[in-house]
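Note sheet for the following structure.
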Amino acid sequence: MIKELEKIKEQAIKKIEEAQSTDLLEQIRVEFLGKKGKITEVLKKLGTLPAEERPKMGSIANEIKEIITNSIQEQYQIILEKEIQKKIEEEKIDITLPGRTCGIGHMHVINQVMSEITDIFIQMGFQIASGPEVETEYYNFESLNTPDDHPARDVHDTFYVKPGVVLRTHTSPVQMRVMEKTKPPVAVIVPGRVYRVDNDASHSPMFNQMEGLLVDEDITFADLKGTLMYFVHKFFGEETAVRFRPHYFPFTEPSAEMDISCTVCKGKGCRVCKNSGWLEILGCGMVHPRVFQYAGYDNEKYQGYAFGFGIDRMAMLKFSIPSINLLFDNNLKFLEQF
Amino acid sequence: MKISLNWLKEYCNIPVSAKELAEQMTMLGLEIESMEEPGKEIENVFVGKILDIQPHPQADKLVICKTDIGKGEPLQIICGAKNMKAGDKVPTAIDGAILPGGLKITRRKMRGIDSFGMMCSGAELKVEEDSEGLLILPPETPIGEDIKKVLGLDDVIFDIEITPNRGDWASYIGLARELSAYYNIPITLPQIQIKEVEKSVSSVSSVTIECPDYCPRYAGRVIQNVKVAPSPDWLVRKLLSAGQRPINNIVDITNFVLLEIGHPLHAFDFNKLNENRIIVRLAKENEEIKTLDGELRKLKANQMVIADAIKPQALAGIMGGADSEVDDNTINVFLESAYFDPISIRRTARAHNLLTEAAQHFQRGADPEMVLWAINRATALIQELAGGEVLQGILDEYPQKIERKFVKLRYERTGKRLGINIEQNFQKSILINLGFAAKDETEREVNFIVPSWRHDVTLEEDLIEEIARFYGYDKVPNTLPKIRQSSAVFDASFKKIHNIRTLLVHKGLTECYSWTFSNPEIMQQLKFPDNYLNMVVLQNPLSKNLSTMRTSIIPNLLATAQKNHLEDTISIFEIGPVFIPDDKNILPEEKQKIGILLSGYANPRLWCYNERKHYDFFDLKGIVEDILNMLSITYRIEGSEFPLFHPGQSLKIKNQNKELGYLGKISPKVAHELEINENTFIGELNLNDLLNIPLKKKVYKTISEFPSTSRDLAILVDRIIPVADIYTSLKTIGEGILQKIEIFDVYTGEQVPKDKKSIALGFTFCSNEKTLTDTEIDALVNEIINRLQKQFDAQIR
């Protein structure tokens, strides 16, 4: 009987080692260890043995049973490993192929810049304000201390709609609309389209400006400089130099223009900055007493600053766009670059 | 304004280099547009004297000259010019010379004969626009002198932008005044010497001012027996450096004095003035004058003229009249120096579109106290350069004396406005240097008398600006204010609109940005309803097709689609205003709209897509639904009759009775006319109305702990029944237990009768209170089936 068992064991181990699939292993398990399996069959004969031999034979049979079971287990692990390896091999893909997407779109470069700029000012505490693009001459000029006969009107090249109504030439009229709506403190920025009769390589009849107005009891010219310098450093980078030059606007006094060190040559002088090292980007000043008078603000009690700049120019500088006309041409090959 | 540094130095001795001066002027508010050194490139060009001219044996058009440049042997130079003769002095470029533009002159053979240099024209040295022949120099010019010095090319020319408030800067003396104040250096005014004859001016002429509001001051002098001739070189060169064309000595002198002091003058031919007298008056309606530019101008009754006893002889302060022009035959001159009201000059100049140099000076405000200085300066120069007898006295009518203004400065206000304390004495000294005079002084404030040339200073803030300018804007510190907001809201939609923009970009659309101009023709061509043709019209448009403001964004999007027709996919949007005239208000209504256009392929040509799908109606509808859902807006959909659209593939979106927008496939006819892809889908939403709809308040709904069960159902209904009706009808079943209805298939085709469609519906049931039994769900499904059969005559498949 021992011999028989040994033979079965050898048979089983051989089969197990030759088996290459988990299915086959299961068959082998049934063949040897199943209810009608070969070991079981042998064990059934155990009763025919003398009583004193039974325990010994029983333990041998169980030992062999365990050996076969373990060996099946081992082989099973080996096969499984192989099968997983095979599966992995088969499922290998070219990971360099592009992903499945219809792509994301492109926000217009003006709105990207507009959003970046408004974020900077909103974080500082400004609110957004807006006003009509078709505007009365009163708001666009007169209430900003620019009466009809003022020479400053010459530079504006205004589009007229009807007597007293124009396309706004700047975002400044919103200053007055805001001040009429509320008493100080006022802290607003006004992004928006503006219009001037001008169309050539460096001018577009429609372009974009951002106005800023801050009025309270103690707002100073130093605050104006500090605010705008903070903005420039956030937008163009900390290394950008800033300078303020006296200038003239009818609605501010003192007035200034702000230059930044040329973003192309870093101030060394190049074609973009006409070799000056500076780029003029912004007009500003302390709100003119006559503007406060129109707004009904007490010039003795309140003071404030205002500034205005071209968003298109900011975008052009930021992205090295050579011509303003590209911005409004809607060429997809342009729009999809940003 | 072009300013020569050499000329400027005649009035004040500027203590810094040209470069430093340019920087300092910039920081004073005198913006330097450009800075040029005209002679910078010129090298080795000297004054030469032509000793001899002989014909060239091999060339008819060339001559051989011997020219002495004061160094060694005379040079043999071959020349093609004809205007010179032996003895003339000319600019001579020697071997190795460099001319403007970098042109290098070398010794070379010309038709077989050596030429050792080149004699130059004015154009070649860039002192004239163009030249005929060589530049002949005055006989007294020293031989061998560097030409840069002779022609004043060793100069720096600044182009300065003068702001409209500072007319007083627009002259040499005006600039010198500013710089002498800044650098604290003296200013040197030219000496004026006039020799008057005994005969008095009032014995031959008179001045009457009929409109003192328009002309507060008018002065005149008469100079007899002048000799009109070309101006001397120094004068010509000065005018040329300012970009002015020399005419004759009399006219040139008036122009020179304008450049020098900024006060416009006019010279009349005295003999051509009827009755030899001047009347300053307003024109009669439709009165005519022929101005110096040859134009016959019809005048209006509010326009000021300088007339003689009979007719206008000048458009006051703007341009002289042709009839009394000083010409070569003029013997007696009437010289005018006046102060005209800036506004009246501006109005008249604008009306005639005649913004002359004189008009520009007067409209910015001339100096009423400079009237006599200017007339005397010009008179002295006329006497010097044109001879003649100056009649005794000046006809100086000054009926409305222009008083000096007073402006009070409270010293502490300067610090309060600027954010830095500037010492009182320093504040005061700045203003004194600038010509202000202190009056009524106390410890804390001063009353300043404003100089007669400073029309821009009327308020305390103007004085503070002067102090800030001279103190230096760069020395004012940079501080961050404590910012306090108003409680009012000035724009509630900016952020929301930006969110929509971001949504669309993330959905793969590209944002456009168009000019907001339009025209009625394009709206007609696109078959927009008539109300869209009611447009805001521009009085001075750039062109006919930009003559109105847009009433819709769609034409812009279609233009963009046309422009980009070579792209195989276009998915774009634009957000911006449209303008709708409003009869009840002076201003039109401005509405923010969003326009979307899809055209071409919906997916990219990519390895993972089996085929490329064209955009269809539901791509666009899905995008619009996403916007509406993002804003939590309830809406309903109706068919649209918009003629721009395909009648079977268009809809409008409504909330109550408000139309929020429309979308659809472009009508095949319009697509054909515009030559754009027929598979183009466009929509436009009214953002103002969308954003004004009160939001559906979001309230938490219990998430059920119990399992949900799904059942599917396929039905056959008439093809014309809208799925939305079925959806709406079934939604009310089950009191909240029917949680979701999905429409997962719609089929028309061979498998169903021609007028029918098959719809596959999925239902999800779930209760918050218990696990639903099959019986309960079956009952609900039966209710659904019953309703479908009853209301829609549906067959269950």
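All values derive from a computational prediction rather than experimental measurement.
At least one donor-acceptor pair closer than 3.5 Å links the side chain of B:N540 to the backbone N or O of A:T158. Listed for the B:K507 side chain is no donor-acceptor partner under 3.5 Å among the backbone atoms of A:G105. For B:E590 (side chain) and A:E133 (main-chain N/O), a donor-acceptor pair under 3.5 Å exists by modelled atom type. Formation of a donor-acceptor pair under 3.5 Å by the B:E465 side chain with backbone atoms of A:S255 is found in this model. In this structure, B:K563 contributes its side chain and A:D329 its backbone to a donor-acceptor pair below 3.5 Å. Side-chain atoms of B:N564 never come within 3.5 Å of backbone atoms of A:N331 as a donor-acceptor pair (strictly under, hydrogens ignored). Judged by distance alone, the side chain of A:N330 and the main-chain N or O of B:C512 form no donor-acceptor pair under 3.5 Å.
Contacts of A:L97 with chain B are made by both backbone and side-chain atoms, with heavy-atom separations under 4.5 Å. Proximity to chain B (any heavy atom under 4.5 Å) is restricted, for A:L327, to the backbone atoms N, CA, C and O. Within the 4.5 angstrom heavy-atom criterion, atoms from both the backbone and the side chain of A:V134 approach chain B. For A:T101, the part sitting under 4.5 Å from any heavy atom of chain B is the backbone (N, CA, C, O) and nothing else. Heavy atoms of B:P342 lying under 4.5 Å from chain A are absent altogether. In this structure, chain B has a heavy atom under 4.5 Å from the side chain of A:I110, while its backbone stays farther away. Of the atoms belonging to A:P98, heavy atoms from both backbone and side chain fall under 4.5 Å from chain B. Only the side chain of A:Y305 comes within less than 4.5 Å of a heavy atom in chain B; its backbone stays farther off. Using a 4.5 Å cut-off between heavy atoms, B:E161 contacts chain A through its side chain alone, with no backbone atom that close. Looking at A:V188, only its side chain comes within 4.5 Å of chain B, counting heavy atoms on both sides.
To the nearest 0.5 Å, the span separating CE on A:M206 from CG on B:L546 amounts to 11.5 Å. In this structure, CD1 on A:I219 lies 9.0 Å from NZ on B:K482, to the nearest 0.5 angstrom. Atom OG in A:S115 sits 3.5 Å away from atom NE2 in B:H498 (nearest 0.5 Å). Taking CD1 from B:I483 and CG from A:D216, the interatomic distance works out to 10.0 Å, rounded to the nearest 0.5 Å. In this structure, CG on B:L509 lies 11.0 Å from SG on A:C102, to the nearest 0.5 angstrom. With values rounded to the nearest 0.5 angstrom, A:K162 atom NZ is found 10.0 Å from B:Q539 atom CD.
Side-chain contact between A:E280 and B:E31 is present, with at least one heavy-atom pair separated by less than 4.5 Å. Two residues are said to be in side-chain contact when any heavy atoms from C-beta on lie closer than 4.5 Å; B:F490 and A:V174 fail this criterion. In this structure the side chain of A:H106 never reaches within 4.5 angstrom of the side chain of B:V505, judged on heavy atoms. Using a 4.5 Å heavy-atom threshold, the side chains of A:D223 and B:L480 count as separate. Between A:L335 and B:E511 the shortest side-chain heavy-atom distance does not fall below 4.5 Å. Under the 4.5 Å side-chain criterion, counting only non-hydrogen atoms from C-beta, B:F517 is in contact with A:F159. Side-chain contact between B:P481 and A:L214 is present, with heavy atoms from C-beta onward closer than 4.5 Å. When side chains are defined from C-beta on, A:F221 does not count as touching B:R417, because their heavy atoms never get closer than 4.5 Å.
B:E567 has a carboxylate O that lies under 4.0 Å from a charged side-chain N of A:K333, or vice versa, which qualifies the two as a salt bridge. The pair A:K225-B:D474 does not count as a salt bridge, with every side-chain nitrogen at least 4.0 angstrom from each carboxylate oxygen.
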Requested in this report: Assess whether salt bridge (charged side-chain N to carboxylate O under 4.0 Å, His left out) is satisfied between A:D218 and B:K416, documenting all intermediate values.
Outcome: CA-CA 7 Å; A:D218 295 305; B:K416 176 119 198 315; 3.5 Å; yes
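Geometrically, A:R193 engages B:Y513 in a cation-pi contact defined by less than 6.0 Å to the ring centre and at most 45° from the axis.
The closest side-chain donor-acceptor pair between A:N299 and B:E461 falls under 3.5 angstrom. With no hydrogens or angles considered, no side-chain donor-acceptor pair links B:T26 and A:W278 at under 3.5 Å.
Ranking B:I464, B:V536, B:T560, B:D462 against chain A, the residue ahead of the rest is B:D462, based on heavy-atom pairs under 4.5 Å.
The two residues B:Y473 and A:F244 come nearest to each other via the heavy atoms CB-O, 3.5 Å. Across all their heavy atoms, A:M107 and B:T502 have their closest contact at CE-OG1, 4.0 Å.
Not counting sequence neighbours, the partners of A:T136 by the side chain to side chain contact (heavy atoms under 4.5 Å, CB included) test are A:Y138, A:Y139, B:I586, B:L587.
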